[in-house]
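First the proteins, then the strands, lettered A, B, ... as listed; each starts at 1.
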Protein chains: 2
Amino acid sequence: MKITETGIKTALRQHGYKLTRQRLSVINAVISSKDSLTPADLYNRLNRHYPDIGLATVYRTLRLLDEMGLLCKLHTSSDCNSCTIGAPDRHHHLICSGCGKVIDFSCRSMAEFETSLAKETGFEIKDHLLEFTGYCQSCRIDHMQS
Amino acid sequence: MKITETGIKTALRQHGYKLTRQRLSVINAVISSKDSLTPADLYNRLNRHYPDIGLATVYRTLRLLDEMGLLCKLHTSSDCNSCTIGAPDRHHHLICSGCGKVIDFSCRSMAEFETSLAKETGFEIKDHLLEFTGYCQSCRIDHMQS
DNA sequence: TATCTAATTGATAATCCTTTTCAATTAGAT
DNA sequence: ATCTAATTGAAAAGGATTATCAATTAGATA
């Protein structure tokens, strides 16, 4: 299920949070980005068109999204605080080491794997995090040419 | 392949690093712990028996282990800086949300899955990170009793 | 629409966590 | 035993995140 601006607005209202200009601009920046963003990335990007936004508000809005289960944090080798929009309870990402692009993928066999792993180990699995890193198609070509 | 104190000593020598009391104590603390430890955890634990060790040395030793490819960082929901000994290039962990215990597991089918995913998406996969969180066998029992 | 109130904001200070600096110490070569 | 460069601990510096607080504002109410 894709998360839209409308969906997030609804979620904010349902949680009793106000729809402010600042929150909406942060949310739109996260939604419209193809790659993952750190709080500082977001702040810099927003500042170009909206010079008065505060860094604290960026952090606060991200925390809000996180609380509502609409933010997904990535954990690449270099950075653990960048994020994308998305339900964080099941992470399935391809992250390009070249350009930072994030590709979601679905994995039907994961549930099955989880079940057999739980049976083997006696572990009650509640969540998982699965991220592949490497080079996306266009970055592979760039690599070959250089 | 299990990583031992002897193995790490050899690695230090091969990289031209000196075998100091401080390094060995940090390394032993990481090796002997069943759950993952943050730098501060390590520092506090070491301080009990070795009051003069500096926090900076703990950080420096962890970085050294990381450089040599002997440290594996975990990324649980609450914390991204705890670590265990182990090759970090292929993460396969079960992490107990109750007691923090970390269980390694092997996954034969992952390579196969990786191949088909690469074919589907054109992505050249270099690394992955896979962590399951939940409750280990003994914590499940604790939960039921309480 | 005007008014009201509590939530929200930006700026700044405070609080982490981590790295750097530097003089003193020490491992390991000779 | 001596020497030298690596290593150390303490403290300062740096960076990221959170808390504080007066001013502003969203959204409810009349």
Determine whether any donor atom in the side chain of Arg60(B) lies under 3.5 Å from an acceptor atom in the base of dG9(D), or the reverse, and answer yes or no.
-> yes

Find the distance Leu19(A):CG to dT8(C):P and express it as a whole number of Å.
-> 10 Å

Sort by first number and list every stem of DNA chain C: at least 3 consecutive Watson-Crick or G-U wobble pairs, both distances under 3.5 Å.
-> C:1-30 with D:1-30

Side-chain N or O of Thr20(A) closer than 4.0 Å to phosphate OP1/OP2 of dA7(C) = no

Candidate nucleotides dA27(C), dA19(D), dG9(D), ranked by approach to the side chain of Thr57(B) - the nearest = dG9(D)

Are Tyr59(B) and Val30(B) connected, step by step, through hydrophobic side chains (Ile, Leu, Val, Met, Phe, Trp, Tyr) whose heavy atoms are closer than 4.5 Å?
-> yes

N/O-N/O pairs, protein side and nucleotides 14-18 of chain C side, under 3.5 Å:
| residue | atom | partner | partner atom | Å |
| --- | --- | --- | --- | --- |
| dT18(C) | OP1 | Asn81(B) | ND2 | 3.0 |
| dT18(C) | OP2 | Tyr59(B) | OH | 2.1 |
| dT18(C) | O5' | Tyr59(B) | OH | 3.0 |

By salt bridge (Lys or Arg N to Asp or Glu O under 4.0 Å), which residues pair with Glu124(B), not counting sequence neighbours?
-> Arg140(A), Lys126(B)

State, with a plain yes or no, whether a side-chain heavy atom of Leu94(A) is found less than 4.5 Å away from one of Leu117(B).
-> yes

Taking N or O atoms only and anything under 3.5 Å, show me the protein contacts with nucleotides 28-30 of chain D, one pair per line.
none

Is there a path of hydrophobic side-chain contacts, each under 4.5 Å between heavy atoms of I, L, V, M, F, W or Y residues, that connects Leu42(A) with Leu12(A)?
-> yes

Write down the atom of Asp35(B), the atom of Gly100(B), and the distance for their closest heavy-atom approach.
-> CB-O, 2.9 Å

Under the side chain to side chain contact (heavy atoms under 4.5 Å, CB included) test, residues paired with Cys136(A) that sit two or more places apart | Cys96(A), Cys99(A), Lys101(A), Ser138(A), Cys139(A), Phe123(B)

Would you mind reporting whether Phe113(B) and Phe113(A) have side-chain heavy atoms less than 4.5 Å apart?
-> no

Under the side chain to side chain contact (heavy atoms under 4.5 Å, CB included) test, which residues partner Tyr43(B), sequence neighbours left out?
-> Asn47(B), Ile53(B), Leu55(B), Val58(B)

Specify the closest pair of heavy atoms between Glu67(A) and Tyr17(A), including all atoms of both residues, with the distance to one decimal.
-> OE1-OH, 2.9 Å

Separation of atom CD1 in Ile53(A) from atom P in dT24(D), rounded to whole Å = 18 Å

List in chain and number order the residues that pass salt bridge (Lys or Arg N to Asp or Glu O under 4.0 Å) with Glu114(B), two or more places apart in sequence or in another chain; answer none if no residue qualifies.
-> Arg90(B)

Atom-to-atom span, CG of Leu46(B) to C1' of dG9(D) - whole angstrom = 14 Å

Using atom CG of Leu62(A) as one end and atom P of dT8(C) as the other, report the distance to the nearest whole Å.
-> 15 Å

Those residues at least two apart in sequence (or on a different chain) that pass side chain to side chain contact (heavy atoms under 4.5 Å, CB included) with Ser36(B) are Leu74(B), Ser82(B), Thr84(B), Val102(B)

Whole angstrom value for the distance that separates P of dA16(D) from CG of Asp41(A) = 11 Å

Donor on one side chain, acceptor on other, Asp79(B) and Thr76(B), under 3.5 Å | no

Can you find a pair of side-chain heavy atoms, one from Leu46(B) and one from Val26(B), that are under 4.5 Å apart?
-> yes

Between dG15(D) atom P and Asn44(A) atom CG, what is the distance in whole Å?
-> 14 Å

Once you round it to whole Å, what is the distance between C1' of dT19(C) and OH of Tyr43(B)?
-> 16 Å

Check: Leu129(B) and Leu130(A) side chains under 4.5 Å, non-hydrogen atoms = no

Grab the CG-P distance between Leu64(B) and dA6(D) for me, whole Å please.
-> 13 Å

Check each residue of residues 22-29 of chain A for a non-hydrogen atom within less than 4.0 Å of any atom in DNA chain C, then write out the ones that pass by number, or none.
-> Gln22(A), Arg23(A)

Apply side chain to side chain donor-acceptor pair (under 3.5 Å) to Thr10(A) and list each qualifying residue two or more places apart in sequence or on a separate chain.
-> none

5'-most contact on DNA chain C (nearest-nucleotide basis), Ala56(B) vs Arg21(B), goes to Ala56(B)

Decide whether His93(B) and His75(B) meet the rule of one side-chain donor and one side-chain acceptor closer than 3.5 Å.
-> no

Between the protein and nucleotides 3-6 of chain C, list every N/O to N/O distance that falls short of 3.5 Å.
none

Salt bridge (Lys or Arg N to Asp or Glu O under 4.0 Å): which pairs involve residues 5-30 of chain A, sequence neighbours left out?
-> Glu5(A)-Lys9(A)

